[in-house]
Amino acid sequence: WQCFRALCCKGPPPPRPEYDLVCIGLTGSGKTSLLSQLCSESPENIVSTTGFSIKAVPFQNAILNVKELGGADNIRKYWSRYYQGSQGVIFVLDSASSEDDLETARNELHSALQHPQLCTLPFLILANHQDKPAARSVQEV
C-alpha cells in the first residue's frame, strides 16, 4: 500500500521553464549542426537554413526554444524582425572562415549587440569549426 500511495499521489512533475533564444550567424557557421546536435538528431543530410527554423532544445531543468535565422546575405537584413520576445542570443561564427567573412561576421555581431531588442540580453558567442586546420584561436577571433 505504501508504494502504491507514493506512486499515485506524487502528481505530475513541475513544468520546466522555457526560454526563447535567437541563433544567428553567417551561412555555413554551423548553426543548424549545433542545434541538431543539441536535439540528438542525425548529423546527416543537414541543409543550410533559408529563412528560419524553430527547435525546442530540452534540458533537464529547462527548455530552450531556439529561432535559428538563416545567415545568407539576402536574409540577414530581416533578422531584426525575429528578435522580439528573445531572452538570449546565440551567435555562431566560423573560426576557419576567410578574413572577409570574419569581418562580415564581426559587423553583424556588433549590429546585434547594439540592437535595442538585444542589447540587454545575454549573448553566447561560439567560435565554431575549431577542429579545422585553418581555425583561428578564440583570442584571434
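This one's a predicted model, so the numbers in the text were calculated from it and none came from an experiment.
Applying the side-chain hydrogen bond (donor to acceptor under 3.5 Å, both in side chains) rule to Ser53 yields the partners Glu68; only residues at least two apart in sequence or on another chain are considered. For Ser97, there are no side-chain hydrogen bond (donor to acceptor under 3.5 Å, both in side chains) partners at least two apart in sequence or on another chain. When the salt bridge (charged side-chain N to carboxylate O under 4.0 Å, His left out) test is applied to Glu140, no partner is found at least two apart in sequence or on another chain. For Arg106, the salt bridge (charged side-chain N to carboxylate O under 4.0 Å, His left out) partners at least two apart in sequence or on another chain are Glu103. Residues forming a side-chain contact (heavy atoms from CB on, under 4.5 Å) with Ser98 (at least two apart in sequence, or on another chain): Asp100, Asp101. Applying the side-chain contact (heavy atoms from CB on, under 4.5 Å) rule to Ala134 yields the partners Ala96; only residues at least two apart in sequence or on another chain are considered. For Asp73, the salt bridge (charged side-chain N to carboxylate O under 4.0 Å, His left out) partners are Arg76, not counting sequence neighbours. Not a single side-chain hydrogen bond (donor to acceptor under 3.5 Å, both in side chains) links Lys67 to another residue, sequence neighbours left out.
Judged as a ring-ring contact (aromatic ring centres under 6.0 Å, His included), the pairs with a partner in residues 77-99 (not counting sequence neighbours) are, in order, Phe52-Tyr82, Tyr83-His115. Sorted pairs that involve residues 29-50 and meet ring-ring contact (aromatic ring centres under 6.0 Å, His included), not counting sequence neighbours, are lacking altogether.
Applying the 6.0 Å contact sphere to CD of Glu41 captures more than 12 heavy atoms from other residues, nucleotides or ligands.
Taking the side chain as every heavy atom from C-beta outward, Asn128 and Ser95 never approach each other to under 4.5 Å.
Scanning both residues, Arg136 and Glu99, for their nearest heavy atoms gives NH2-OE2, 3.1 Å.
Think of Tyr19 as one node in a network of Ile, Leu, Val, Met, Phe, Trp and Tyr side chains linked at under 4.5 Å; its network also takes in Leu21, Leu34, Leu35, Leu38, Val57, Phe59, Leu64, Val66, Ile90, Val92, Leu124, Leu126. Hydrophobic clustering, defined by side-chain heavy atoms of Ile, Leu, Val, Met, Phe, Trp and Tyr closer than 4.5 Å, leaves Leu26 isolated from every other such residue.
Residues Ile54 and Ile63 do not share a hydrophobic cluster, clusters being chains of Ile/Leu/Val/Met/Phe/Trp/Tyr side chains in contact below 4.5 Å.
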